[in-house]
Amino acid sequence: MSDRPASTEPATRPYSFSMLYFEATRRCNLRCPMCMSGSNDPALVSASKRRELSLEEIRDRVLVPARRLDTVAVVWSGGEFLVRRDAYDLLRVTTELGMRSNVCSNCKKLNRQKLEKIRDATNGQGTIAVGINALDDTNGKTRDAEVDRTIEVLELCGELGLGRHVIITLGKYNTDSFDRTIQYLVDNQISYNRSPLVPRGSGKDAWQDNCFNRDDLEQSFHPVLREHVNGYVSYTPFFLSPEVHDSLSGGARCNTVPRNPPIGCWCGHWLTVNAEGDVSVCPVLIDSLSAGNVRDAPLDELVADSELFATITDRSRLKGKCGRCRYQYTCGGCRAMAYYHKGDYMAEDPTCFFDPVDRHTRSEHEEQTNRLFKQYVLVSGYSGLYKRPPQ
């Protein structure tokens, strides 16, 4: 797999994606630092509200085409998704189309009644996704009020049978606490993924001082991510043997990006749409890279005609050490980190601590990664991200 040039991939090969990340609104329940908002500019949010896609547009231009792209789950975010009056209707439409829903929330307004409505609208298959960057802080204070409230919601989700997921945004502020946060999630059987801090929205001004570097990744974050199977395997660097993935996946690809199950960089696994219908390759790149707008063409047609998707999902085009790495395809480096640090989304990932001489250089962590991946295949089968290939 790792030595196969892009020219051997059929030009008409269809794209397939695992997840759709939809920022369905810029509005939020309360102005608060935990809100997953693309902007904290009231004028921008007000203008955006008038341009947000309607339920019919979302169904016909986004969700139905997403299903044609083999999407298995939709992550609803914003802003605060539940402030949309049609939020539960959108969850029902998604369920009827055969896709699961993950609802991102700041937890400020979530209560038993709303969680029960989510459970009913998703036929019991919904997941609540929340943000927890740390259970404590560097000054020794533990479990502030916002984290306490988030944990209350997670516990209520467990009682109601809803799925639970935590998004941890990595930065210098949680290098010391990351292992304790992950251990709490593992002990309570809560899935999680890491997301890199990026210069987007209200975090733009603080990025330079708080973004992690390769030393932070090597010494604080990566050793913990390598240890646990219930973390969504979307982190980089990801030192999976390409031969192991081929043997278990049946060679499934989205362009050259491995699927069944997806691993490594999100780009190639995710579709992202904002409230106004702009399409991109990754949730944290939605403000910077666009493949067009679904009001001009349905989502699947935009993807098929997009030079952005064609390029970023062709990992044979990666530059620098990412282009000569044994894990070029099974990892791919973080395209967001390449873009925000280098200004080139196909550049090498400057936060990666692995320095291969050539494609024959193996990471000391490959054996551990292979073991984790084989366990992850079993877990991902239950979530619809893996199907045993025909013999």
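Throughout, residue positions are numbered sequentially from 1 according to the sequence presented. This one's a predicted model, so the numbers in the text were calculated from it and none came from an experiment.
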So do the side chains of [X] and [Y] get within less than 4.5 Å of each other, counting heavy atoms only?
| X | Y | result |
| --- | --- | --- |
| Trp76 | Thr94 | yes |
| Glu57 | Val62 | no |
| Cys265 | Phe238 | no |
| Leu91 | Phe81 | yes |
| Asp205 | Gln208 | no |
| Cys352 | Lys321 | yes |
| Leu318 | Arg335 | yes |
| Ser290 | Leu308 | no |

Under 3.5 Å, is there a donor on one side chain and an acceptor on the other for [X] and [Y]?
| X | Y | result |
| --- | --- | --- |
| Asp179 | Gln183 | no |
| Arg317 | Thr311 | yes |
| His245 | Ser249 | yes |
| Ser101 | Gln125 | no |
| His341 | Asp349 | no |

Where [X] and [Y] come nearest, the two heavy atoms and their spacing:
| X | Y | result |
| --- | --- | --- |
| Ala347 | Lys342 | CB-CB, 4.0 Å |
| Thr181 | Ala134 | OG1-CA, 3.5 Å |
| Thr236 | Gly264 | CG2-C, 4.0 Å |
| Thr351 | Leu217 | O-CD2, 3.2 Å |
| Tyr376 | Leu385 | OH-CD1, 4.0 Å |
| Tyr327 | Thr361 | CE1-O, 4.4 Å |

Is the closest basic N to carboxylate O distance between [X] and [Y] below 4.0 Å?
| X | Y | result |
| --- | --- | --- |
| Asp86 | Arg59 | no |
| Lys114 | Glu80 | no |
| Glu366 | Arg326 | yes |
| Arg149 | Glu152 | yes |
| Arg92 | Asp89 | yes |

query = Relative to each other, are the rings of Tyr345 and Tyr339 parallel, tilted or perpendicular (30° and 60° limits)?
reply = tilted
query = Does Gln113 CD have over 12 foreign heavy atoms under 6.0 Å away?
reply = no
Quick check for you: to the nearest 0.5 Å, what is the distance between [X] atom [atom1] and [Y] atom [atom2]?
| X | Y | atom1 | atom2 | result |
| --- | --- | --- | --- | --- |
| Arg324 | Asp355 | CZ | CG | 7.5 Å |
| Asp60 | Leu53 | CG | CG | 11.0 Å |
| Asp70 | Ser16 | CG | OG | 4.5 Å |
| Ile132 | Ser177 | CD1 | OG | 11.5 Å |
| Cys334 | Trp266 | SG | CH2 | 8.5 Å |
| Leu90 | Phe22 | CG | CZ | 7.5 Å |

For the side chain of [X] and the backbone of [Y], is there at least one donor-acceptor N/O pair under 3.5 Å apart?
| X | Y | result |
| --- | --- | --- |
| Asn260 | Lys387 | yes |
| His269 | Arg259 | no |
| Asn188 | Ile190 | no |
| Arg200 | Lys204 | no |
| Arg100 | Ala73 | no |
| Asp300 | Pro65 | no |
| Ser288 | Leu285 | no |
| Arg362 | Glu367 | no |
| Ser280 | Ala291 | no |
| Asp314 | Asn255 | no |

message = Ring centres under 6.0 Å, that's the criterion: do Phe212 and Phe178 meet it?
response = no
message = Check for me whether the distance between the ring centres of Phe239 and His222 falls short of 6.0 Å.
response = yes
query = Stepwise, does the side chain to side chain contact (heavy atoms under 4.5 Å, CB included) test hold for His165 with Asn193?
reply = CA-CA 8 Å; His165 188 82; Asn193 72 275; 2.6 Å; yes
inquiry  = Evaluate Thr330 against Phe373 for side chain to side chain contact (heavy atoms under 4.5 Å, CB included), listing each step before the verdict.
reply    = CA-CA 11 Å; Thr330 53; Phe373 175 71; over 6 Å; no
Working for side chain to side chain contact (heavy atoms under 4.5 Å, CB included), residues Thr175 and Phe221 = CA-CA 7 Å; Thr175 53; Phe221 299 126; 3.7 Å; yes
query = Does one hydrophobic cluster hold both Trp270 and Leu20, with members joined at side-chain heavy-atom distances below 4.5 Å?
reply = yes
message = Applying a strict under-4.5 Å side-chain criterion to I, L, V, M, F, W and Y, I'd like to know whether Ile286 and Val75 cluster together.
response = no
request  = I would like to know whether Leu240 and Asn370 meet side chain to side chain contact (heavy atoms under 4.5 Å, CB included); could you show each step before the answer?
outcome  = CA-CA 6 Å; Leu240 179 67; Asn370 289 347; 3.2 Å; yes
Partner of Glu52 under salt bridge (Lys or Arg N to Asp or Glu O under 4.0 Å), chosen from Arg27, Arg26, Arg295, Arg85 = Arg27
